[in-house]
There are 2 protein chains.
Amino acid sequence: MHNINIKELAKSLNLSTSTVSRAFRDNSDINKATKERILAKAKELNYQPNHYASNLREQRSRTIAVIVPELANNFFSQAIHGIERVAREKGYHILIFATEDEYEKEVSFIRHLHNGRADGIIMSVSGEANDHTYLDELAEKRLPLVFFDRVYEDIITPRVITNDYNSSFSAAKHLIKQGCTRIAYLVINKNLSIGKTRMQGYLDALEEFNIPYDDKLVIDCTNSYRKNNTILKNMLSKVKPDGVFTSVERLAFATYYACYDLNISIPNDLKVIGFSSLEIAPLLNPSLTTITQPATKIGIEAALLLFKLLEAPETVDLNCQIVLDSTLVKRNSTALKS
Amino acid sequence: MHNINIKELAKSLNLSTSTVSRAFRDNSDINKATKERILAKAKELNYQPNHYASNLREQRSRTIAVIVPELANNFFSQAIHGIERVAREKGYHILIFATEDEYEKEVSFIRHLHNGRADGIIMSVSGEANDHTYLDELAEKRLPLVFFDRVYEDIITPRVITNDYNSSFSAAKHLIKQGCTRIAYLVINKNLSIGKTRMQGYLDALEEFNIPYDDKLVIDCTNSYRKNNTILKNMLSKVKPDGVFTSVERLAFATYYACYDLNISIPNDLKVIGFSSLEIAPLLNPSLTTITQPATKIGIEAALLLFKLLEAPETVDLNCQIVLDSTLVKRNSTALKS
DNA sequence: TTGTACGCGTTATCAC
DNA sequence: GTGATAACGCGTACAA
């Protein structure tokens with residue numbers, strides 16, 4: 001593909017390349033008439049300044065990298081949507097990376113981004129990471145980074161999160177109020193900060209209502225549908241909980257499937273509540289009580305924060321965190337009678 | 001952010017930049033020992049060749065642009081997932097653009113991409129486009145383009161689609177076999193090729209079973225949840241269909257909501273079938289009978305096709321189309337008795 | 001207001 | 001096998 005470049009455009013106008021270049025920047029002194037003449041011709045010839053040359057020259061890419069654990073997930077696709085909107089308004093592009101919850105990929109993406117490909121990173125961390133020091137390289141090189149939702153506690157950088165502790169306290173409390181006393185807590189990775197925080201809310205709610213904690217009710221699940229199905233069926237038949245609180249959307253679905261298989265009636269035999277960004281939660285059988293995070297808003301806030309970091313780093317406290325509220329929507333999966 | 005460049009790396013090794021550069025390409029003559037020495041040092045200093053300089057020099061970006069109507073949509077996020085996987089294996093990045101079904105954005109994205117930002121485009125077209133000639137500019141400039149799922153019939157370029165005609169014929173047939181005689185067909189944009197093809201399957205199925213066509217049963221919906229709700233409630237109460245066939249996932253959901261509001265029982269009063277990539281269709285109330293497109297596979301195939309176009313354009317027939325099969329999964333929303 | 005000349009970081013070509 | 005150098009397309013300091 002041969003695209004017209006600034007030289008050819010200049011030649012066709014009998015101008016120098018610098019004059020043409022100036023027509024595309026706002027700050028430069030240039031005769032209004034010539035500028036218009038240039039822009040007109042540019043449009044005619046469909047000239048677009050080469051991004052790579054500009055980036056090289058200006059030492060920035062006007063691109064932000066978005067790293068998420070997975071794409072086929074309501075929360076992340078909504079968040080990306082929010083990020084994309086802000087980025088587009090700012091004239092930035094977004095580059096998408098999916099770690100598929102693999103730590104190695106996360107590290108490799110981050111390292112790779114040292115090549116100037118992006119001006120900043122918005123990331124929700126993978127579930128399996130243990131050693132986060134590789135991120136400190138970022139700090140040294142000062143490539144702006146904003147976390148959202150899933151964060152590493154030990155890395156100091158701005159973050160946008162929801163009040164997971166409060167939300168899960170409310171969720172557990174709601175189950176208790178609906179009469180549950182044996183509430184299972186389903187988590188995918190206990191060590192991930194988000195798993196820990198959400199679990200603490202659950203624990204504290206139990207304590208507040210004097211419900212004894214039983215560690216057999218805390219179930220560590222996986223990312224595999226098949227394994228989860230086995231784990232859950234096993235748990236449901238042996239531990240016999242009367243409520244299930246899932247820290248991740250996927251586990252609520254898994255619970256439904258397991259209950260279907262075992263002929264356990266929700267909410268009569270078992271009440272279910274879960275973190276979820278599913279827009280059609282009301283259409284489930286039974287409709288699912290959810291703690292819904294403002295996913296799009298989270299994306300928007302994360303992007304705004306990153307741009308602040310890019311445009312005026314001195315105004316941003318690296319310790320800052322934006323905390324948004326999730327919403328507890330009560331539906332039939334936790335109703336008293338179906 | 002200051003990243004180390006090839007010059008500094010060369011200097012720290014007492015080598016020339018050309019030698020260092022050679023260490024990173026496979027084809028060049030270079031002493032094995034020096035190569036290793038260079039790579040070791042590069043790793044130590046965390047050197048990454050600057051993408052923009054390489055791109056400028058090599059006149060390609062190793063990036064593909066993905067343009068979709070929307071991101072918060074199961075079909076598209078799964079497809080993007082597939083594209084991302086292939087791209088990553090090839091060492092490419094993907095740039096995401098969401099048109100939000102606005103024709104202007106689509107045009108602007110495409111024009112923008114003339115600046116060398118991407119080596120190729122994978123696109124599912126927006127719903128509102130009328131004039132596609134702007135795409136011919138692409139043809140002239142030979143920026144490789146692959147369509148998937150939603151295509152423009154009048155633009156000649158490779159495409160990956162599903163057999164929409166057959167699928168919707170089967171879907172309509174299934175409804176008929178289940179006893180429906182007044183089947184509504186819900187579409188978002190009748191003029192879009194995908195809307196037309198799917199509708200033809202519906203029409204032909206009606207004809208085959210001698211069911212008269214009633215144009216009051218073909219409902220043009222919108223992208224707005226609120227408007228659709230009004231349109232559908234109105235339709236359901238006035239036209240009183242006994243079956244609904246939705247050409248788009250979202251309209252199946254809208255139908256469910258409308259039925260809930262009007263106390264219409266699915267499937268007793270009304271049977272529903274729809275195109276949908278929802279993984280939890282079995283969990284809906286009632287579980288939704290779907291025509292499910294192999295979304296991830298479509299993405300993978302589209303990406304493979306684009307890479308073929310990039311790597312060996314002469315081997316690709318621009319008229320080629322890959323047709324994948326969708327699956328009709330019968331569930332309770334079309335059952336005889338609930 | 002416009003033009004000239006240089007450099008951004010890389011790689012390919014040509015010497016040695 | 002390695003080094004010097006030009007060029008990719010653009011933006012800006014400086015000169016005119």
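Heavy atoms only: backbone and side chains are in, while hydrogens, waters and symmetry mates are out. Treat the numbers as computed from the prediction; the structure is a model and nothing was measured. Protein chains get the first letters and strands the later ones, always in sequence-line order, with residue 1 at the start of each.
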Which one, [options], comes nearest to the side chain of [X]?
X: B:Thr19; options: D:dT2, D:dA6, C:dC8; result: D:dT2
X: A:Arg25; options: C:dA12, C:dG9, D:dT12; result: D:dT12
X: A:Asn31; options: D:dG3, C:dT1, D:dC10; result: C:dT1
X: B:Arg57; options: D:dC10, C:dA12, C:dG3; result: C:dA12
X: A:Ala53; options: C:dG9, D:dC10, C:dG3; result: D:dC10

Starting from [atom2] on [N], measure out to [atom1] on [X] and report it in whole angstrom.
X: B:Lys7; N: D:dG3; atom1: NZ; atom2: P; answer: 16 Å
X: B:Glu58; N: D:dG9; atom1: CD; atom2: P; answer: 14 Å
X: A:Asn55; N: C:dT10; atom1: CG; atom2: P; answer: 14 Å
X: A:Leu9; N: D:dG11; atom1: CG; atom2: P; answer: 12 Å
X: B:Gln48; N: C:dT10; atom1: CD; atom2: P; answer: 11 Å
X: A:Ile6; N: C:dT2; atom1: CD1; atom2: C1'; answer: 14 Å
X: B:Lys35; N: D:dT2; atom1: NZ; atom2: C1'; answer: 15 Å
X: A:Asn5; N: D:dG11; atom1: CG; atom2: P; answer: 12 Å

Pair B:His114-A:His51, ring-ring contact (aromatic ring centres under 6.0 Å, His included): steps then yes or no: CA-CA 10 Å; B:His114 280 224; A:His51 225 190; over 10 Å; no
Name the nucleic acid region contacted by [X], choosing base, sugar-phosphate or nothing; use a 4.0 angstrom heavy-atom cut-off, strictly under.
X: A:Leu56; answer: base
X: A:Ser54; answer: sugar-phosphate
X: B:Arg22; answer: base

Aromatic ring pairing B:Phe97/B:Phe109, orientation class (parallel under 30°, perpendicular over 60°, tilted between):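 Answer is tilted, since the angle falls between 30° and 60°.
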Is the phosphate of [N], meaning OP1 or OP2, less than 4.0 Å from a side-chain N or O of [X]?
X: A:Tyr52; N: D:dG11; value: no
X: A:Thr34; N: C:dT2; value: yes
X: A:Asn50; N: D:dG9; value: no

Steps toward salt bridge (charged side-chain N to carboxylate O under 4.0 Å, His left out) verdict (B:Glu301, B:Lys308): CA-CA 10 Å; B:Glu301 291 295 333; B:Lys308 219 161 132 191; over 6 Å; no
Centroid-centroid distance, A:His93 to B:His112, less than 6.0 Å: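 Yes, the ring centres sit under 6.0 Å apart.
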Residue whose closest nucleotide on DNA chain D lies nearer the 5' end, B:Leu15 versus B:Gln59: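 Final value for this comparison: B:Leu15.
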Presence of donor-acceptor pair under 3.5 Å, side chain of B:Ser18 and base of D:dA4: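 By the distance-only test, yes, there is a pair.
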Flag, side chain of B:Thr63 to backbone of B:Ser61, donor-acceptor distance under 3.5 Å: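 Yes, because the side chain of B:Thr63 sits within donor-acceptor range (under 3.5 Å) of the backbone of B:Ser61.
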Main-chain N/O of B:Ala79 paired to B:Thr296 side chain as donor or acceptor, under 3.5 Å: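 The answer is no, because no donor-acceptor pair under 3.5 Å joins these two groups.
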